[in-house]
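Order of listing sets the numbers, starting from 1, for every ligand and every atom in it.
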Amino acid sequence: MKYQSQKVAYAYFMVAMGLFAIQVLGGLLAGWIYVWPNTLSELLPFNIVRMLHTNALIVWLLLGFFGAAYYLVPEESERELFSVKLAYIQLAILVVGTLGAVVSYLAGIHGGREFLEQPLWVKFGILVAAVIFLVNISLTVLAGRKTAITNILLMGLWLLSLLWIFAFINPDNLSLDKMYWWFVVHLWVEATWELVMAAILGYLMLKLTGVDREVVEK
Ligand code: HEM
């Protein structure tokens, strides 16, 4: 670790691992309910366990992206992060939002659209966290060295954050509802996440294999 501010990635990693554990436990419980359908049927019905399983997945993955960006951007940009404090505030907002979503789901309050079940205030929290993140990362990159890795990473992260805005649009018409849902869920997994992954994998290849930057960037 070359820069002090890269340490913030560790906090993101730890929270992501905690959520991964929750996801796997939720998956095991959901699988158990398949076999013994009455398990916890009053207290924790299958649809709620399923929501916890899939939502934990989305949040740990996003935390992984955010944490990885906070780790690799200082090295690529050859400078400290714009603000470590903002990075921790962003993490705190995401943790509070996640806990809020879990409590809401346990109380049976949710949006009902697969993967986008979060109550509205949690969706706003995610938006605020995304804006903080984009400001923090973009200002770091703009002030420092620009590489293909940071360019691709920023493109992916900006696009995925912008697409999140469609999560707020939920028309009564089922076809339109599915279209806006698709703009978030599908364009995340089949468009923007690949850009983020390409940047992270490019960085890992540079670090692990010693291949020329020129080759990796191409
Ligand atoms: C011990 C590990 C796991 C178990 C037992 C498990 C079990 C399950 C079960 C029972 C469902 C609900 C299926 C249904 O609705 O009928 C589910 C859904 C899902 N799981 Fe897992 N899971 C595990 C790990 C994972 C992991 C590691 C991921 C991804 C990183 C994942 C991603 C998903 C997704 C995306 C869905 C929703 C699928 C859909 O909507 O079609 N699961 N899982």
Cluster check Ile149, Leu142: I/L/V/M/F/W/Y, side chain < 4.5 angstrom
no
I need the full list of ring pair (Phe, Tyr, Trp, His ring centres under 6.0 Å) pairs touching residues 187-218, with sequence neighbours left out, sorted by first then second residue.
Phe65-Trp193, Trp164-Trp188, Trp188-Trp193
When you look at OH of Tyr105, are more than 12 heavy atoms from neighbouring residues, nucleotides or ligands closer to it than 6.0 Å?
yes
Per-atom contacts of ligand 1 with Val24, taking only distances under 4.0 Å to non-hydrogen atoms:
1 (C)
So does Trp32 have more than 12 non-hydrogen atoms from other groups sitting under 6.0 Å from CH2?
no
Would you say Gln6 and Glu75 are linked by a side-chain donor-acceptor pair, where the criterion is simply a distance under 3.5 Å?
yes
Near atom 21 (Fe) of ligand 1 (cut-off under 2.8 Å), count of protein N, O or S atoms
1
Heavy-atom neighbours of Phe168 CZ exceed 12 at 6.0 Å:
yes
Please determine whether the number of non-hydrogen atoms from other residues, nucleotides or ligands lying under 6.0 Å from atom CZ of Phe13 exceeds 12.
no
Which atoms of ligand 1 have any heavy atom of Leu28 under 4.0 Å away?
1 (C), 5 (C)
The answer for which part of Trp32 has a heavy atom under 4.0 Å from ligand 1 is neither
Show the atoms of ligand 1 that are less than 4.0 angstrom away from any heavy atom in Tyr34.
13 (C), 14 (C), 16 (O)
Could you check whether Glu76 pairs with Arg213 (Lys NZ or Arg NE/NH1/NH2 to Asp/Glu carboxylate O, under 4.0 Å)?
yes
protein heavy-atom neighbour closest to atom 40 (O) of ligand 1 works out as Glu114 OE2, 2.4 Å
Residues, nucleotides or ligands: over 12 heavy atoms within 6.0 Å of Gln4 CD:
no
Would you check whether Arg50 has a nitrogen or oxygen atom less than 3.5 angstrom from a nitrogen or oxygen atom of ligand 1?
yes
